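These numbers come from a predicted model, not from an experiment. Order of appearance sets the numbers: ligands from 1, and atoms from 1 within every ligand.
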Amino acid sequence: MDDVILQVHDLRKHYQYQGSRIDVLQGAGLYVNKGEILAVVGKSGVGKSTLLHIMGTLDRPDAGTVLFKGQDIFQMNEDQRVRFRNKHLGFVFQFHHLLPEFTALENVALPALIGGKPRTEAFGKARKLLDVLDIGDRCGHIPDTMSGGEQQRVALARALVMEPEIVLADEPTGNLDMKTSQEVHALFVKINQEFHTTFVMATHSRSLAKIAHRAYTLANGVLQEGMLV
Ligand SMILES: Nc1ncnc2c1ncn2[C@@H]1O[C@H](COP(=O)(O)OP(=O)(O)OP(=O)(O)O)[C@@H](O)[C@H]1O
Ligand SMILES: [Mg+2]
């Protein structure tokens, strides 16, 4: 039987904006198997980012639960949640959010240094990941002197440096051209196969969704298994 690592039950989330109410999630549920690449697809504005932010504890739901290995992550106190996030989760966003004044190597090593790893270990791990992602020769570059695809590979390396069990990726190739996107997609597959990292990716890209083992479609506030758009 598959090993479920994350379970989402009956999530509800609304936003109130300029006097009107937007009900984004209205009872959304899903499960994630350990080691799989899961895609969440759906039209723009349906709530994919909202869902991923909640799954990543960056936002809170109005109601519902998110269980990581059976533990309710919203029952943790703030300190526990921050520790949980640093230890178990990695994030990749559409815009990479790399620190502009730091080199690729420093950007990747930073979460490990903040997490208390010794310098040699943090930088050694960062270098190894940049090598795996085929940009070892860009270690000393700052983000502005790298292409979009290279920057996104640095962001992926940064997400992986703490060896998270799950990487949440929100439109990770939304900002890249088709060819570069496909190269980055291939790297997700490579990382998944080499390190057994679990990925949850929100995307409108059918080609990205195709590399996933399973998909859910988000529409009208709920999730249905399959790629229905
Ligand atoms: N802070 C906010 N305040 C008010 N409304 C919001 C807020 N954040 C998101 N929304 C609204 O909630 C809905 C869902 O937004 P979300 O960003 O989750 O969609 P998405 O599926 O990720 O879209 P896209 O594919 O364009 O990235 C949208 O209609 C958006 O306008
Ligand atoms: Mg989004």
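Distances from atom 29 (O) of ligand 1 to the heavy atoms of G45, G221, S20 put G45 nearest.
Any N or O atom pair closer than 3.5 Å counts here, and E171 shares no such pair with ligand 1. Considering both main-chain and side-chain atoms, Y17 never comes within under 3.5 Å of ligand 1 through any nitrogen or oxygen pair.
The protein heavy-atom contact nearest to atom 25 (O) of ligand 1 is K48 NZ, 2.6 Å. The nearest heavy-atom contact from the protein to atom 19 (O) of ligand 1 is G47 N, 3.3 Å. Distance from atom 26 (O) of ligand 1 to its nearest protein heavy atom, with residue and atom name: S44 OG, 2.6 Å. Nearest protein heavy-atom contact of atom 18 (O) of ligand 1 is T50 OG1, 2.6 Å. Among protein heavy atoms, the minimum distance from atom 31 (O) of ligand 1 is reached at I22 CD1, 4.7 Å. Y15 CE1, 3.4 Å is the protein heavy atom nearest to atom 9 (C) of ligand 1. Nearest non-hydrogen protein atom to atom 27 (O) of ligand 1 is S49 OG, 3.9 Å.
Look at K87 and E165 and you find no salt bridge, because none of the NZ, NE, NH1 or NH2 atoms lies under 4.0 Å from a carboxylate O. Salt bridge status for D10 with R12: present, with a side-chain N to carboxylate O gap under 4.0 Å. Salt bridge annotation for E121-K125: absent, with no cationic side-chain nitrogen under 4.0 angstrom from a carboxylate oxygen.
Counted within 6.0 Å of CG on D23, heavy atoms from surrounding residues, nucleotides or ligands total more than 12; the atom is thus considered enclosed. Surrounding CD of Q71 are at most 12 heavy atoms belonging to other residues, nucleotides or ligands under 6.0 Å away. By the neighbour-count criterion of 12 heavy atoms within 6.0 Å, atom NZ of K69 is densely surrounded, having more than that number from other residues, nucleotides or ligands.
Note that the CG atom of D170 and the CZ atom of F91 stand 10.5 Å from one another [nearest 0.5 Å]. Annotation: the span from L223 atom CG to L51 atom CG amounts to 5.5 Å, rounded to 0.5 Å. To the nearest 0.5 angstrom, R60 atom CZ is 9.5 Å from T57 atom OG1.
Proximity of Q16 to ligand 1, defined as any heavy-atom pair under 4.0 Å, is not found for any part of the residue.
Assignment of G42 to the shell around ligand 1 is not supported, since no heavy atom sits closer than 4.0 Å.
Not a single donor-acceptor pair under 3.5 Å links the side chain of N33 to the backbone N or O of E36.
Around the Mg ion (ligand 2), protein N, O or S atoms at less than 2.8 Å comprise S49 OG.
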